[in-house]
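What follows is a single structure, written as structure tokens, with notes after it.
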Amino acid sequence: PAATEPELEERGILPFEPFLVNLTDDGNTRFLKATIQLVFESEQEAKHVEESPVVVGHLRSAILELLAEESAAALVTPDGKEALKKTIKEQTSKLVPHQKVMDVLFSEFVVQF
């Protein structure tokens, strides 16, 4: 039988301090400020990851590198944001193979033009 996904209230969140990155646009004059949270399958999984500064550091670094590869034009579209969420989820999942990253949440997302 197929496993069912946990209810929203059973999931855990790993919050990050806001990210501030230059985007790849010409002249590198545009930037993104984003506050990102990773959603894990359970609160215990999120807590386990949060308690490892090395893992959190690697996750933050991976996210920062992905954000810095983006352009302002791509990020201001709904499709661009969805693609970024998918990429972040895929890349961070590789860094925590024993936990399941269920989703990526943006609680702040500002592109400077």
For K100, enumerate each residue passing the salt bridge (charged side-chain N to carboxylate O under 4.0 Å, His left out) test, keeping only those at least two apart in sequence or located in another chain.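 Per chain and number, K100 pairs via salt bridge (charged side-chain N to carboxylate O under 4.0 Å, His left out) with no residue.
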Salt bridge (charged side-chain N to carboxylate O under 4.0 Å, His left out) with E51: which residues, sequence neighbours excluded?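 With neighbours one apart ignored, the set is K47.
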For A46 and I13, work out which heavy atoms get closest and say how close.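 Scanning both residues, the minimum pair turns out to be CB-N, 3.7 Å.
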Do you know which two heavy atoms are closest between A74 and E70, and how far apart they sit? CB-OE1, 4.2 Å
Return all side-chain donor-acceptor pairs below 3.5 angstrom for residues 102-113, not counting sequence neighbours, or 'none' if the list is empty.
residue	atom	partner	partner atom	Å
E108	OE1	T35	OG1	2.8

Student check: side-chain heavy atoms of [X] and [Y] closer than 4.5 Å:
X	Y	value
Q99	H48	yes
T24	S71	yes
I88	L38	yes

List, one per line, each side-chain donor-acceptor pair under 3.5 Å for residues 55-68, sequence neighbours excluded.
residue	atom	partner	partner atom	Å
R60	NH1	E17	O	2.8
R60	NH2	P18	O	3.1
S61	OG	E65	OE2	3.2

Side-chain cluster (under 4.5 Å, hydrophobic types only) that V54 belongs to, other residues: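 Once heavy-atom contacts under 4.5 Å are chained together, V54 still belongs with nothing else.
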[atom2] on [Y] to [atom1] on [X], rounded to 0.5 Å:
X	Y	atom1	atom2	value
E43	E50	CD	CD	8.5 Å
E82	T77	CD	OG1	10.0 Å
F19	K33	CZ	NZ	12.5 Å

Would you say the side-chain atoms of D25 pair up with the backbone N or O of R30, donor to acceptor, closer than 3.5 Å?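 Flag not set: sc D25 to bb R30 has no pair under 3.5 Å.
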Assigning hydrophobic clusters by single linkage (Ile, Leu, Val, Met, Phe, Trp, Tyr; side-chain heavy-atom cutoff under 4.5 Å), is F31 placed with L84?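 Each belongs to a different hydrophobic cluster.
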Name all residues meeting the side chain to side chain contact (heavy atoms under 4.5 Å, CB included) criterion together with K86; count only those two or more places apart in sequence or in a different chain, and write none if there are none.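 With sequence neighbours excluded, K86 shows a side chain to side chain contact (heavy atoms under 4.5 Å, CB included) to E90, given in chain and number order.
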